[in-house]
Amino acid sequence: MDEIRGRTAVTGKAETFEFQSESRQLLQLVVHSIYSEKDIFLRELISNASDALDKLRLESLRDSGLDADTSDLHIALETDTAERTLTVRDNGIGMSRDDVVELIGTIAKSGTAEFARKLKEANDAKDATVSTDLIGSFGVGFYSSFMVADRVTLVTRRAGEKEGTRWESEGEGTYRLQRVEDAPQGTSVTLHLKPVDEEDNLHDYTAEHTLRSIVRRHSDFIPWPIRTEVEREEDGTTTRAVDTLNSMKALWGRSPEEISEEEYTEFYRHVSHDWSDPLRTIHTRAEGTFEYQALLFLPSRAPVDLHQQDARRGVNLYVRRVFIMDDCTTLLPEYLRFVKGVVDAQDLSLNVSREALQQDRQIQLMHRRLVKKILASVKSLRTEDPERYATFWREFGRALKEGLLSDADNRATILEVSSFASTHDAEAPTSLRAYKERMKEGQEHIYYVTGTSRARLENSPHMEAFLAKGYEVLLLTDPVDEVWVEQVGDFDGTPLQSVAKGRVDLEPADKEAEESEEAARRKEEFGPLLEWLGTRLGEQVKEVRLSARLTTSPACIVGDEFDVTPTLEKMYRAMGQPLPPVKRILELNPDHALVGALRTAHAASAEEGALGDTAELLYGMALLAEGGDLADPARFSRLLAERLAAGL
């Protein structure tokens, strides 16, 4: 085993550093939490080592002058029973001192507080499965080593550099750094193991059978040899030899019939660093003018950084089994950023750059085919397993709907697989197809309303006539909904219509004449009031008219068909892109007592007086009812108090 061991000499004085306070809290949670399967530390370290070997091979292909030995890339597991240590060693890309400080000295740079909160909740509930799953999700797998070790020592040297770095910590809030002059290329992680405690699932990690079992179960598909030194009895003589523990078979290159669900799951965990099970596996290949193999997964839960702009995304790209990059964003669109997995192309150059990928015709063809395959899988998931589809939509629906804006070619399919909350069911969302099947006779539109919460939308004045007459309305509360409904005009030929825009006519055709006569009568009756209010509130609204959408509220504010919604206006303002002010329309309910009294008072006296204040209050109430902001809350409160006092 000496040929795969590294001997180092520490030359510099050790410097001690403290973890940041938030990181120190996180580390203590990882170290002292309750886990049902502590073996996850080894699969994490092996996965990190595999990534380092991938990166070195790629770097050596791109830089022929790199001073690095790539003749025998591998991972070694070294044990010392007497000293109770386990070392996981690779001769991959290694790390510089700055890399160590950045990647090892700072735990989970993004999402640390969220990880700590979720892990504490899981531990308080004594949910070991959830707490274990969280490790991979937040990128703190290296620190799972402290579940089985009292002390961890890391020695590393980046390929092409002369000096290495030694990092060591007991997991108690500090770590030490030293320079190492003769460190071997790559990284070694030595765990000073805790005593064996089978009741606490602390196994003997110096035992060959334990290591072999973990590797076969979790890391058999790693494309690099995982070696360890073993003892063999031959003719009464004990000999030692180096044995390879994994098969190294690329899972995506095998026939799906040969692969078990357990193998798919472990491979998913390897590429995603998420230790929960995938929701759906997509194993496909293309042959013909260009060939590729793809093994993709739909996760069962969204990562915490799904909607953060700086989050890493993309699938792993290989060319003829050679790793090229681990976050190839060109293969899938932004709205499918949650998809994990591997794509192995047969005819690309090994030296292809990210810039070249964007122009490569084969990549573009793969992109289109993979998108269609993923959307088809989501569609079949909806039909075959509604419960899993519900999980998918809850976790990733908001991201998928972004494709309605960016992917016109697949817009119809995305609409088909999307779900939306509606007034039809308080719990279960609906598809647009199911909505169409429930449409009333003579109904020409799919009605929707946008806003910030279901409760607020259900109580909106805009909904009153629709609810009273039994029309189903989609309740759209995701920020992206405000945008895509403006661009998507219809679903399968049926126009989409906001209940908060334009004029509303919910009466059947046989009542149109009767309603037209009634409308004319009321317009004449309320004409003077409408004209006066239009003048009095001219700075706030562009029109005052009678409403056909109100049944219980006195007034509401609506937009013209192509007006920007108030919520969208706020979104643009928050992004530093304020829009020009948009005047909207004030609609009055002619059957409401307040509107009737206001008409009578206005007809009895042309003097504005308190009527002007009442007009302001009426407009302010309509604004508040839709969740808008008053321009002068103090004035509104004063006017309201005065009117209330006058009425007592």
Examine distances only and state if a side-chain atom of [X] and a backbone atom of [Y] form a donor-acceptor pair shorter than 3.5 Å.
X	Y	result
Asp243	Val230	no
Asn246	Ile226	yes
Lys55	Gly94	no
Ser169	Gly171	yes
Arg337	Glu334	yes
Glu168	Arg176	no
Ser300	Leu279	no
Ser213	His209	no
Asp344	Gln293	no
Asp80	Thr85	no

| message | Quick one, Glu266 with Asp220, criterion side chain to side chain contact (heavy atoms under 4.5 Å, CB included). Give me CA distance, side-chain angles, the key distance, then yes/no. | response | CA-CA 9 Å; Glu266 287 307 324; Asp220 192 56; over 6 Å; no

Locate the shortest heavy-atom distance separating [X] from [Y]; write the atom from each residue and the value.
X	Y	value
Leu348	Val319	O-CG1, 3.2 Å
Phe396	Pro303	CE2-CD, 4.3 Å
Gly164	Arg157	CA-CB, 4.0 Å
Ala399	Leu306	CB-CD2, 4.4 Å
Ala68	Leu56	CB-CD1, 3.9 Å
Tyr205	Thr210	CD2-CG2, 3.9 Å

| task | Check the angle between the aromatic planes of Phe17 and Tyr175 and answer parallel, tilted or perpendicular using the 30° and 60° thresholds. | result |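 Plane angle under 30°, so parallel.
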
| task | For the pair Phe297 and Phe267, name the ring-plane relationship: parallel under 30°, tilted 30 to 60°, perpendicular over 60°. | result |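 Tilted: the ring planes of Phe297 and Phe267 meet at 30° to 60°.
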
| task | Begin with the C-alpha distance, continue with both residues' side-chain angles, and end with the deciding distance and a verdict on side chain to side chain contact (heavy atoms under 4.5 Å, CB included) for His192 and Glu170. | result | CA-CA 9 Å; His192 303 264; Glu170 287 76 24; over 6 Å; no

| Going through the checks in order, is the side chain to side chain contact (heavy atoms under 4.5 Å, CB included) test met by Thr70 and Arg57? | CA-CA 7 Å; Thr70 60; Arg57 180 162 67 170; over 6 Å; no

| request: Tell me, yes or no, whether the heavy-atom count around Arg232 atom CZ, taken from other residues, nucleotides or ligands under 6.0 Å, exceeds 12. | output: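 More than 12 heavy atoms, drawn from other residues, nucleotides or ligands, come within 6.0 Å of this atom.
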
| said: Counting only heavy atoms from other residues, nucleotides and ligands, does the tally under 6.0 Å from CD of Glu83 exceed 12? | reply: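 Counting neighbours around CD of Glu83, 12 or fewer heavy atoms of other residues, nucleotides or ligands fall under 6.0 Å, so no.
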
Looking just at side-chain N and O atoms, do [X] and [Y] make a donor-acceptor pair shorter than 3.5 Å?
X	Y	answer
Thr156	Thr187	yes
Asp69	Ser71	yes
Asp54	Trp224	yes
Tyr268	Asp277	no

| Please, which pairs that meet salt bridge (Lys or Arg N to Asp or Glu O under 4.0 Å) have at least one residue in residues 283-296, sequence neighbours excluded? |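 Non-adjacent pairs meeting salt bridge (Lys or Arg N to Asp or Glu O under 4.0 Å): zero.
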
Side-chain touch [X]/[Y], heavy atoms, less than 4.5 angstrom:
X	Y	value
Leu317	Thr330	no
Thr206	Leu211	no
Glu44	Ser145	no
Leu45	Leu191	yes
Val88	Thr190	no
Met147	Ile40	yes
Pro184	Arg89	yes
Cys328	Val343	no

Which distance, rounded to the nearest 0.5 Å, do you find between the [atom1] of [X] and the [atom2] of [Y]?
X	Y	atom1	atom2	result
Leu73	Asp90	CG	CG	9.5 Å
Asp407	Glu402	CG	CD	12.0 Å
Thr281	Leu296	OG1	CG	9.5 Å
His203	Asp39	NE2	CG	4.5 Å
Glu263	Thr265	CD	OG1	10.0 Å
Asp63	Leu58	CG	CG	11.0 Å

Closer than 4.0 angstrom, basic N to acidic O: yes or no for [X] and [Y]?
X	Y	answer
Glu59	Arg158	no
Arg84	Asp204	yes
Arg97	Glu15	yes
Arg301	Glu395	no
Lys340	Asp274	no

Kindly list each side-chain donor-acceptor pair under 3.5 angstrom involving residues 368-379, sequence neighbours excluded, with atom names and distances?
residue	atom	partner	partner atom	Å
Lys372	NZ	Asn410	OD1	3.2
Ser377	OG	Arg280	NE	3.3

| said: What verdict does the side chain to side chain contact (heavy atoms under 4.5 Å, CB included) test give for Tyr292 and Leu365, after you've listed the backbone C-alpha separation in whole Å, the side-chain angles of each residue and the deciding distance to 0.1 Å? | reply: CA-CA 11 Å; Tyr292 67 86; Leu365 288 172; over 6 Å; no

| field | With sequence neighbours excluded, residues passing ring-ring contact (aromatic ring centres under 6.0 Å, His included) with His218 | value |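 For His218 there are no ring-ring contact (aromatic ring centres under 6.0 Å, His included) partners, ignoring immediate neighbours.
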
| query | Only one of Leu298, Ile282, Leu331 forms a side-chain contact (heavy atoms from CB on, under 4.5 Å) with Val339, so which one is it? | reply |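 Output: one option passes, namely Leu298.
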
